[in-house]
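Each remark here refers to the structure printed beneath this line.
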Amino acid sequence: MNTFEAIAARVSVRDFSDAPVEREKLEQIVQAALFAPVGMKRYDSLHLSVLSTHAAVAKFTALAREQCGDPAADPVHNAGALIIVSGKRPDEHTEYANAGCMIENMLLAATELELGSLYVQGAVRAMRGTAQEAKLRALLNLPEGFTPIGSAAVGYCSEQLSPRTAPKNDVTKVDYID
Ligand SMILES: Cc1cc2nc3c(=O)[nH]c(=O)nc-3n(C[C@H](O)[C@H](O)[C@H](O)COP(=O)(O)O)c2cc1C
């Protein structure tokens, strides 16, 4: 797949299979995150945590369920792995933009590797300031000063990951100014 093909093939997957994600593929996905642009080169203000098995991801899901009070909630849809991006400056727009660049790179890399992927921010954001956030920090063994701000779920799926001819988005207006 070339870049445009991967962009056109990426789609949010919300039904992952039980097949585990190979460590080699996870490492390639993480490498893609490390190639992302980062505002003012503040690489030090970001941290990646890789929940690399269904069992590890299930621990995140359990915290999300605890946080929202719904024992059936599955914000990561049985993903085989979840890469959580944490930042030192969680209240700055740039930190979310940095996380977004890393996460999109990971989603595209997963697509290239024929893995489904999903940008998962809601469940991570919902834990901010809650007891579950403290438990998540402990689960991730997160270094002092970092706050989880977003994540990429990846895994095998039955979804067709072939390039689409048109984007879902036929709403956003575009102006060309000459
Ligand atoms: C910043 C951001 C946060 C998102 N958070 C979530 C989320 O928490 N849960 C979820 O299911 N999808 C989430 N998504 C995925 C969007 O819902 C999805 O990208 C959108 O519906 C378009 O569909 P597509 O990804 O298949 O093109 C998020 C996407 C972005 C860019």
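Both counts, for ligands and for their atoms, begin at 1 and track the order of listing.
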Check: Quick one: are Ser117 and Thr111 in side-chain contact, heavy atoms under 4.5 Å?
Finding: yes
Margin query: Measuring only between side-chain heavy atoms, which start at C-beta, is Tyr119 closer than 4.5 Å to Met106?
Written below: no
Check: Which protein non-hydrogen atom lies closest to atom 25 (O) of ligand 1, naming both residue and atom, and how far is it?
Finding: Ser12 OG, 2.5 Å
Notebook entry, point to check: N/O to N/O below 3.5 Å, does that happen between Lys168 and ligand 1?
Noted result: yes
Next item on the list: Would you mind reporting whether Leu48 and Val85 have side-chain heavy atoms less than 4.5 Å apart?
Entry: yes
Margin query: I need the atoms of ligand 1 closer than 4.0 Å to a non-hydrogen atom of Gln121, numbered in the order shown.
Written below: 1 (C), 3 (C), 5 (N), 6 (C), 7 (C), 8 (O)
Next item on the list: Identify the protein heavy atom lying closest to atom 8 (O) of ligand 1, giving its residue, its atom name and the separation to 0.1 Å.
Entry: Gly122 N, 2.8 Å
Margin query: Are the side chains of Lys88 and Asp44 in contact, using a 4.5 Å heavy-atom criterion?
Written below: yes
Next item on the list: Answer yes or no: does atom CD of Glu27 have more than 12 heavy-atom neighbours from other residues, nucleotides or ligands under 6.0 Å?
Entry: yes
Checklist line | Name of the residue among Leu142, Thr147, Val124 meeting side chain to side chain contact (heavy atoms under 4.5 Å, CB included) with Ser86 | finding: Leu142
Item checked: Leu118 contact mode with ligand 1 (heavy-atom cut-off under 4.0 Å) -> side chain
Next item on the list: Check each atom of ligand 1 against the heavy atoms of Val120 and keep those under 4.0 Å away; list them by number with element.
Entry: 7 (C), 8 (O)
Margin query: Whether Asp91 and Arg89 form a salt bridge (side-chain N of Lys/Arg under 4.0 Å from carboxylate O of Asp/Glu) is what I want to check.
Written below: no
Notebook entry, point to check: In terms of heavy-atom contacts, does CZ of Arg164 have more than 12 from other residues, nucleotides or ligands at under 6.0 Å?
Noted result: yes
Next item on the list: Could you list the atoms of ligand 1 found under 4.0 angstrom from a heavy atom of Val11?
Entry: 26 (O)
Note to self: Which residue and atom name correspond to the protein heavy atom nearest atom 3 (C) of ligand 1, and how close is it?
What the structure shows: Tyr119 CD2, 3.5 Å
Notebook entry, point to check: So which protein heavy atom does atom 21 (O) of ligand 1 come closest to, and at what separation?
Noted result: Arg14 NH2, 4.3 Å
Notebook entry, point to check: How close does the nearest protein non-hydrogen atom get to atom 27 (O) of ligand 1, and which residue and atom is it?
Noted result: Arg10 NH2, 3.0 Å
Notebook entry, point to check: Quick one: does Glu104 get within less than 4.0 Å of ligand 1, heavy atoms only?
Noted result: no
